[in-house]
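Here is the structure we will look at, set down as structure tokens.
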Amino acid sequence: MAEKRIIAVVGATGAQGGGLVRAILSDQRGGFGARALTRDVNSDKAKALAKLGAEVVAADVDDVESLRRAFEGAYGAYCVTFFWAHFSPERELANATNMAQAAKQAGIEHVIWSTLEDTRKWVPLSDNRMPTLMGKYKVPHFDAKGEADHVFTDLGLPVTFLLTTFYWDNFIYFGMGPKKGPDGKLALTLPMGDKRLSGIAAEDIGRCAYGIFKRGREFAGKTVGIAGEHLTGAQMAAAFTKALGQEVRYNAVPPEVYRNFGFPGAQDLGNMFQFYQDFDEYFCGARNLEVARALNPALQTFDAWLAQNKARIPLG
Ligand SMILES: NC(=O)c1ccc[n+]([C@@H]2O[C@H](COP(=O)([O-])OP(=O)(O)OC[C@H]3O[C@@H](n4cnc5c(N)ncnc54)[C@H](OP(=O)(O)O)[C@@H]3O)[C@@H](O)[C@H]2O)c1
């Protein structure tokens, strides 16, 4: 049998990377092997990936030498940063630079960089429709990812820019799911007006990434935007109502109200939702459902995702 081409996966114990590792390992005849990068090879999540058949290796995106060792001998690398672990766009940029340098040194043949828009190209810092945050960002957890795109191309790496989007899993883990109001009724609070939110099941991001690796270098040098569905708040509330068997109303709050909810990251997310709203034609247009489905035929709709996950959504 031909030697398997190894994909080194950053964030393998997390949402995006985990989906990719599982996609690779569930396709035994696909010709690819999964190398899972983690800071702790002895964690339960790391052991679970090893049990599935992944090669588990230690690496930290803050440590370029550890990345170089982990990328050595691999064909591909999936690169992602972890904004919510540290809330620092500068650190994301530094981590992306480390991954790009390590990929170059290891001779990686195809990199996928999990990126988002640098929103300052649409909303310059002088545009007061939303506040400037941390001195030089509009949506900090987007901007540095987009800003980092060039570090891969500057090194001449064959890179695919994967534009991800809002995980529906945020309704489980990020406290964004429907909540009971003072009237005891469930409401989905989002600052989206009547505009569409481009969403995806987090597991499908890795599956789409696998589809990109499988196509060889066809997507090298290209940007690929993916989503599962583009739905309005009202449409998502209707889907929740159907799935949960109890009424969920859509509570459209202005971004300014959302920014002042006070939880860590509320301002960043308020600006993000305003960006989604104000540029919805661009944003949804840049995430093509047909392309995502072609890369990943198992792509879930919101209804399908809800059917699988509704019991895991905390209804406060
Ligand atoms: N939530 C959303 O809707 C959404 C949408 C689009 C994009 N994003 C972006 O997705 C990114 C996070 O990806 P994710 O959701 O897949 O992450 P995740 O599920 O939070 O998992 C992160 C994994 O990365 C590893 N990790 C953390 N710090 C690390 C470090 N310094 N070096 C190496 N590994 C490290 C951890 O593994 P170990 O502990 O095993 O090392 C962890 O299991 C964020 O930058 C976020 O902005 C999120």
Side-chain angles (χ1 to χ4, degrees), residues 11 13-19 45 82-85 87 116 139-142 164-207 226-277 280 283-284 287 289 292 298-316:
T13 56
Q16 296 187 26
K45 285 180 175 177
F82 309 105
F83 180 85
W84 302 107
F87 291 78
L116 287 166
V139 184
H141 78 283
F142 273 51
T164 66
T165 196
F166 181 90
Y167 311 167
W168 292 321
D169 307 66
N170 294 333
F171 296 133
I172 304 174
Y173 303 111
F174 224 86
M176 288 189 184
K179 301 261 177 312
K180 279 203 175 109
D183 59 358
K185 297 220 167 115
L186 287 170
L188 177 68
T189 298
L190 287 173
M192 285 301 297
D194 61 358
K195 296 293 171 51
R196 295 166 304 159
L197 176 64
S198 184
I200 193 164
E203 189 76 8
D204 278 327
I205 296 175
R207 290 180 184 155
I226 53 167
E229 274 191 286
H230 311 303
L231 297 171
T232 63
Q235 287 172 321
M236 283 192 287
F240 271 117
T241 299
K242 203 168 78 183
L244 300 174
Q246 54 178 315
E247 191 191 0
V248 176
R249 283 171 306 160
Y250 171 44
N251 177 30
V253 293
E256 184 55 22
V257 170
Y258 199 92
R259 278 192 279 273
N260 289 306
F261 276 167
F263 62 84
Q267 288 198 309
D268 189 333
L269 292 172
N271 282 7
M272 172 191 81
F273 284 117
Q274 188 173 350
F275 178 69
Y276 288 163
Q277 264 201 60
D280 75 312
F283 195 86
C284 293
R287 286 152 175 83
L289 308 182
L299 188 75
Q300 294 164 78
T301 60
F302 188 48
D303 282 341
W305 180 85
L306 271 177
Q308 289 291 322
N309 293 282
K310 61 185 176 187
R312 302 165 67 208
I313 300 171
L315 302 172

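Model, not experiment: these values are computed from the prediction.
Between Asp303 and Glu229 the shortest heavy-atom distance is N-OE1, 4.3 Å. The heavy-atom pair separating Gln300 from Ala201 by the smallest distance is NE2-CB, 3.5 Å. Across every non-hydrogen atom of Ser198 and Thr165, the tightest pair is O-OG1, 2.8 Å. Taking every heavy atom of both residues into account, Tyr250 and Leu190 meet most closely at OH-O, 3.4 Å. When all heavy atoms are compared, the tightest approach of Gly193 to Gln277 is N-NE2, 3.5 Å. Minimum interatomic distance between Gly177 and Leu188 (heavy atoms only, all atoms of both residues): C-CD1, 4.4 Å.
Within the model, atoms OG1 of Thr232 and NZ of Lys195 stand 11.5 Å from one another, a figure rounded to the nearest 0.5 Å. Rounding to the nearest 0.5 angstrom, the gap separating the CG atom in Asn170 from the CE atom in Met176 is 5.0 Å. One distance of note links NZ of Lys180 with CG of Leu186; it measures 5.5 Å at 0.5 Å rounding. Taking CG from Asn251 and NZ from Lys185, the interatomic distance works out to 13.5 Å, rounded to the nearest 0.5 Å. Here the straight-line distance linking atom NE2 of His141 with atom CH2 of Trp84 works out to 5.0 Å at 0.5 Å rounding. Interatomic distance, Phe302 CZ to Lys242 NZ, rounded to the nearest 0.5 Å: 10.5 Å.
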The test is side chain to side chain contact (heavy atoms under 4.5 Å, CB included); show your working for Thr164 and Ile200 and say whether it passes. CA-CA 8 Å; Thr164 66; Ile200 193 164; over 6 Å; no
Report the C-alpha separation of Phe171 and Asn309 in whole Å, then their side-chain angles, then the decisive distance to 0.1 Å, and conclude whether the side chain to side chain contact (heavy atoms under 4.5 Å, CB included) test is met. CA-CA 10 Å; Phe171 296 133; Asn309 293 282; over 6 Å; no
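Ring pair Trp305/Trp168 is tilted by interplanar angle, where 30° to 60° counts as tilted.
Under 3.5 Å, the side chains of Tyr258 and Gln274 contain no donor-acceptor pair of N or O atoms. When only modelled atom types and interatomic distance are considered, Gln267 and Asn271 share no side-chain donor-acceptor pair under 3.5 Å.
Asp204 contributes no side-chain N or O that, together with a main-chain N or O of Gly228, makes up a donor-acceptor pair within less than 3.5 Å. At least one donor-acceptor pair under 3.5 Å links the side chain of His230 to the backbone N or O of Arg287. Without hydrogens or angle criteria, Asp169 side chain to Ala202 main chain gives a donor-acceptor distance under 3.5 Å. In this structure, the side chain of Lys310 engages the main chain of Ala243 through a donor-acceptor pair within 3.5 Å.
Between Phe174 and Tyr167, a ring centre-to-centre spacing not shorter than 6.0 Å is recorded.
Residues Pro178 and Ile313 are in side-chain contact: their nearest non-hydrogen atoms beyond the backbone lie under 4.5 Å apart. Phe261 has its side chain out of reach of Leu269: every pair of non-hydrogen atoms, C-beta onward, lies at least 4.5 Å apart. Residues Val139 and Leu116 fail the side-chain proximity criterion, which asks for heavy atoms closer than 4.5 Å.
In Lys179, the NZ atom is crowded: over 12 heavy atoms of neighbouring residues, nucleotides or ligands sit closer than 6.0 Å.
Just one of Phe273, Tyr276, Phe166 meets the ring-ring contact (aromatic ring centres under 6.0 Å, His included) condition when paired with Phe283; it is Tyr276.
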